[in-house]
Colleague: 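What follows is a structure written as structure tokens; I'll ask about it next.
Residue numbering restarts at 1 for every chain, and letters A, B, ... go by the order of the sequence lines.
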Number of protein chains: 2
Amino acid sequence: MKQARPDRTQGKSFVSAQQVADRAGVSRSAVSRTFTDGASVSPTTRKRVLEAAEELGYHVNHLARGLIRDRSNIVSLVVTDINTPYQAAMIEALTRRLQAADKVAMVINSSGQNASVESALRQTLHYRADATIVLSGQPAASLIETCLNNGQHVILVNRDDPVPGPETIMVTNRTAARQAFDMLDRAGCKRLAVIASAVGSASLSARKKAFVAAAEAAGVPVSVTELGPTAYQSGVEAARLVLSRADRPDGVFCVTDLLACGFLDAARNEFGLTVPDELCVVGFDDIEQAGWSSYELTTFRQPIDQIADHVVNLIDHHTQIRQVQEPMRFQTQTVWRKSVRPR
Amino acid sequence: MKQARPDRTQGKSFVSAQQVADRAGVSRSAVSRTFTDGASVSPTTRKRVLEAAEELGYHVNHLARGLIRDRSNIVSLVVTDINTPYQAAMIEALTRRLQAADKVAMVINSSGQNASVESALRQTLHYRADATIVLSGQPAASLIETCLNNGQHVILVNRDDPVPGPETIMVTNRTAARQAFDMLDRAGCKRLAVIASAVGSASLSARKKAFVAAAEAAGVPVSVTELGPTAYQSGVEAARLVLSRADRPDGVFCVTDLLACGFLDAARNEFGLTVPDELCVVGFDDIEQAGWSSYELTTFRQPIDQIADHVVNLIDHHTQIRQVQEPMRFQTQTVWRKSVRPR
DNA sequence: GCCAATTTTGCACACCTGTGCAATTCCGTC
DNA sequence: GACGGAATTGCACAGGTGTGCAAAATTGGC
């Protein structure tokens, strides 16, 4: 059934709708309508067109289609630290759903120099993306403002910019952080510590603050450590710093699982501590590694699937309003494993 | 300096070059040439155009540009298991370099149903991508054939399809696998095992076969275990299976670090074995977790940066030849850590 | 100031598609 | 077979850009 296509070794360009029309003996409009949902074509011509298209290897040029319609069906994902388990999982969930909705994801790596980020983000506008999804705290708010000014539909995930326009999706950071305190408190921890990072986003900052507030309200001493990027190595270094103190903590809340993994490894392998007997650790995100048997980390799961579902829903049903919107908040799910003593 | 743009709340479409031309008092061609590299514009008009563009918030429409030129500056990355450390690192490296080359990455998630993969892969053709980079063994060869038939520039990474057309990039799998045997042999291991997966790609298969061949050539007994996908959990299950045997192996080669992490965890936490004294383990890829202090995995690093560099080079200098091409092979780098006894 | 050589500019066409509108065809009914 | 209504089809325009070509403007030299 599969027919060899006329070879394109001559550098001949792609097949156009006109060529299909000629071959099928119909007008170009008929070809266009055949590939347009809800357009009126008789079954006869539709069949002829499809056959001709198959023989010639025709594919609708989405560049031209996007030019005519207002929507390009491209969605930009702006993300830093792609090779971080949490972000990678987010990209996986989003690309899968976008494809199911006949859209396609354009990934913009916003790590690195701010200048290159800006030029990359401009691609969002260049390609007339249907929406821009910002997954990380990295790109400056001014760049987002640029997108908004150009009528871009911007969706912020786990950010907290009080600018008018973008829709915002968050997680119940404060509730979870308070619960983290409760868990450690009930486990009998007397000296608490929270491990964050130097470049943390608003989301991480909210977790940190809520934990500290809860501890102080309960009169439990708590120390705050923030160094390096939000990465495994930062957790290791934080552990070295914090655990070598005379009054080292016996309960630790790491605002990210990645930090928690580093902290746990250093605590066990460098300080010889046993978890959860001598030290309790709580993480955040529930990345895959948190479930690995070397960690068995008690943590809070971000409902990535729900978030991704909601994001693509937002893209479809979009009404342009430029006012500060109340963020949509998803509840985290507590995942009890073995890094905290059961009550 | 930054000027507020005329508000677009009326749903007004994007700014076009014509509007910029009107405002700058020049022809539309002048605007087009201003934003085209190597075009002839006088400094005076260039300046006027840039000012008008800034004021109006003009952005070249890459859909229209791609329509005129043959190249859309979009590069498709076809990848399964995005939230796997190795693939995520690859995406990070590629997106970074593509952006530096003024291109943009379109990520196509080829996990899941084959039908949806096919429709997603079609996007590559719809958007007239400059090239398609296939990062995983998942999509069927027939889909790649479709891309090739449509004149797509296809680059295969760590695949081994003997079809004419695509350029192929590989890693010295066999050399590394043989070296893995040498490492275990010199460490004094007497009973070897290789852990692969049921859905392995050609690359993984090559590692497995080369290791087995080396072992058999040296007269050392070796068992092969292949179950489940290429994931942590498969490593755990393989360990449960293999280590509960009476003559359990004392030297194991996992064709992937992810498998090795699972194997190590199960070996230590479920069987109480000490590494590397009672068991030596070698992995492949050098994912980030291999360096975490719970694993300290001896492994082979894939030169991801070099591969990514080479890929974008291939995209730029592309001569269309439809013949089977010798794969470009990159050498892995041996990373000695602590999961194998030093000689 | 004049002329030739070079640079710059504008016009018009091309790229490929979607769609409103009017003309045509089709179908069922009398 | 005629006729009314519905479905289908083709025409022509629009969408935003790049670029060859000829006209215009600029530059340099004398």
Side-chain angles (χ1 to χ4, degrees), chain A residues 11-50 52-53 56-74 102 123 125-129 150-151, chain B residues 11-50 52-53 56-74 102 123 125-129 150-151:
Chain A
K12 298 272 291 183
S13 186
F14 280 84
V15 179
S16 77
Q18 185 62 62
Q19 300 176 39
V20 177
D22 291 347
R23 181 167 190 118
V26 298
S27 79
R28 193 182 57 70
S29 308
V31 178
S32 180
R33 291 192 171 99
T34 299
F35 291 100
T36 302
D37 284 345
S40 165
V41 206
S42 76
T44 316
T45 56
R46 173 182 207 87
K47 181 161 172 289
R48 275 219 298 254
V49 168
L50 287 178
L56 265 52
Y58 171 72
H59 296 274
V60 178
N61 188 333
H62 274 39
L63 301 177
R65 170 178 281 182
L67 198 56
I68 282 287
R69 301 179 170 169
D70 261 350
R71 45 216 338 269
S72 65
N73 276 3
I74 295 176
D102 272 326
Q123 303 285 349
L125 301 171
H126 286 327
Y127 287 98
R128 304 298 192 252
N150 283 83
Chain B
K12 299 270 292 183
S13 186
F14 279 84
V15 179
S16 77
Q18 185 62 61
Q19 300 176 38
V20 177
D22 291 346
R23 180 166 189 120
V26 298
S27 78
R28 194 183 56 71
S29 308
V31 178
S32 180
R33 288 192 239 267
T34 300
F35 291 100
T36 302
D37 285 344
S40 165
V41 205
S42 75
T44 316
T45 56
R46 173 184 207 86
K47 180 161 173 287
R48 275 219 299 253
V49 168
L50 287 178
L56 265 53
Y58 171 72
H59 297 274
V60 178
N61 188 333
H62 274 39
L63 300 177
R65 171 177 280 182
L67 198 56
I68 281 288
R69 301 180 170 168
D70 261 350
R71 44 218 335 270
S72 64
N73 277 4
I74 295 175
D102 271 325
Q123 302 286 349
L125 302 170
H126 286 327
Y127 286 98
R128 305 300 192 249
N150 284 82

Colleague: On DNA chain C, does the nearest nucleotide to B:S27 precede the nearest nucleotide to B:A64 from the 5' side, or the other way round? Give the residue.
Modeller: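 Looking at DNA chain C, the more 5' nearest nucleotide goes with B:S27.
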Colleague: To the nearest angstrom, how far is B:I68 atom CD1 from D:dT17 atom C1'?
Modeller: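 From B:I68 CD1 to D:dT17 C1': 6 Å.
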Colleague: Would you name the heavy atoms of B:V15 and B:L56 that are closest together and state the gap between them?
Modeller: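 Taking B:V15 first and B:L56 second, the nearest heavy atoms are CG2-O, 3.2 Å.
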Colleague: Could you pull out the closest heavy-atom pair between A:S40 and A:R33, with the gap in Å?
Modeller: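 Smallest interatomic distance, heavy atoms only, reads O-CD, 3.6 Å.
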Colleague: Does a distance-only test, which skips hydrogens and angles, find a donor-acceptor pair under 3.5 Å between the side chain of A:R128 and the base of D:dG15?
Modeller: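 Checked by distance alone, the answer is no.
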Colleague: Could you list by number each residue of residues 29-44 of chain B showing a heavy-atom separation from DNA chain C of less than 4.0 Å, or answer none if no residue does?
Modeller: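 The stretch gives B:S29, B:R33, B:S40, B:V41, B:S42 as the residues lying under 4.0 Å from the strand, ordered by number.
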Colleague: Parallel, tilted or perpendicular: which describes the rings of B:Y58 and B:F35, with under 30° parallel and over 60° perpendicular?
Modeller: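 Plane angle between 30° and 60°, so tilted.
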Colleague: Expressed as a whole number of angstroms, how long is the span from A:L67:CG to D:dA14:P?
Modeller: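 Rounding to the nearest Å, CG of A:L67 and P of D:dA14 are 14 Å apart.
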Colleague: Quick one: closest heavy-atom pair of A:V31 and A:V49, and the distance?
Modeller: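 Closest approach of A:V31 to A:V49: CA-CG1, 4.0 Å.
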Colleague: When the distance from CZ of B:R48 to P of C:dT9 is rounded to whole Å, what number comes out?
Modeller: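 Whole-Å distance recorded here is 9 Å.
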Colleague: In this structure, how many angstroms lie between the P atom of C:dT17 and the NE2 atom of A:H59, rounded?
Modeller: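 Atom-to-atom, A:H59 to C:dT17, this comes out as 12 Å.
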Colleague: Does the side chain of A:Y58 get closer than 4.0 angstrom to OP1 or OP2 of C:dT17 through an N or O atom?
Modeller: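 Looking at the OP1 and OP2 atoms of C:dT17, one of them is under 4.0 Å from a side-chain N or O of A:Y58.
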Colleague: May I have the distance from A:R69 (atom CZ) to D:dG16 (atom P), rounded to whole angstrom?
Modeller: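 One finds 16 Å between P of D:dG16 and CZ of A:R69, rounded.
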Colleague: In whole Å, what is the span from the CD atom of B:Q19 to the P atom of D:dG15?
Modeller: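 Interatomic distance, CD of B:Q19 to P of D:dG15: 11 Å.
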Colleague: I need the minimum non-hydrogen distance between B:Y127 and A:N73, along with the two atoms involved.
Modeller: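 The pair with the smallest heavy-atom distance is OH-CB, 3.4 Å.
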Colleague: How long is the line joining CG of A:D22 and C1' of D:dG10, in whole Å?
Modeller: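 Atom-to-atom, A:D22 to D:dG10, this comes out as 14 Å.
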Colleague: For A:T45 and for B:R28, find the nucleotide of DNA chain D with the closest heavy atom, then tell me which residue's nucleotide is more 5'.
Modeller: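 Nearest-nucleotide comparison on DNA chain D picks A:T45.
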Colleague: Check the distance between C:dG18's C1' and A:H62's NE2 and give it to me in whole angstrom.
Modeller: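 Whole-Å distance recorded here is 13 Å.
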Colleague: Return the set of residues passing side-chain contact (heavy atoms from CB on, under 4.5 Å) with A:L67 (not counting sequence neighbours), or none when no residue passes.
Modeller: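 Scan of A:L67 (side-chain contact (heavy atoms from CB on, under 4.5 Å), adjacent residues dropped) gives B:N61, B:A64, B:L67.
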Colleague: Heavy atoms only: give me the nearest B:V41-B:A30 pair and the separation to one decimal.
Modeller: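 Taking every non-hydrogen atom into account, CG1-O, 4.4 Å.
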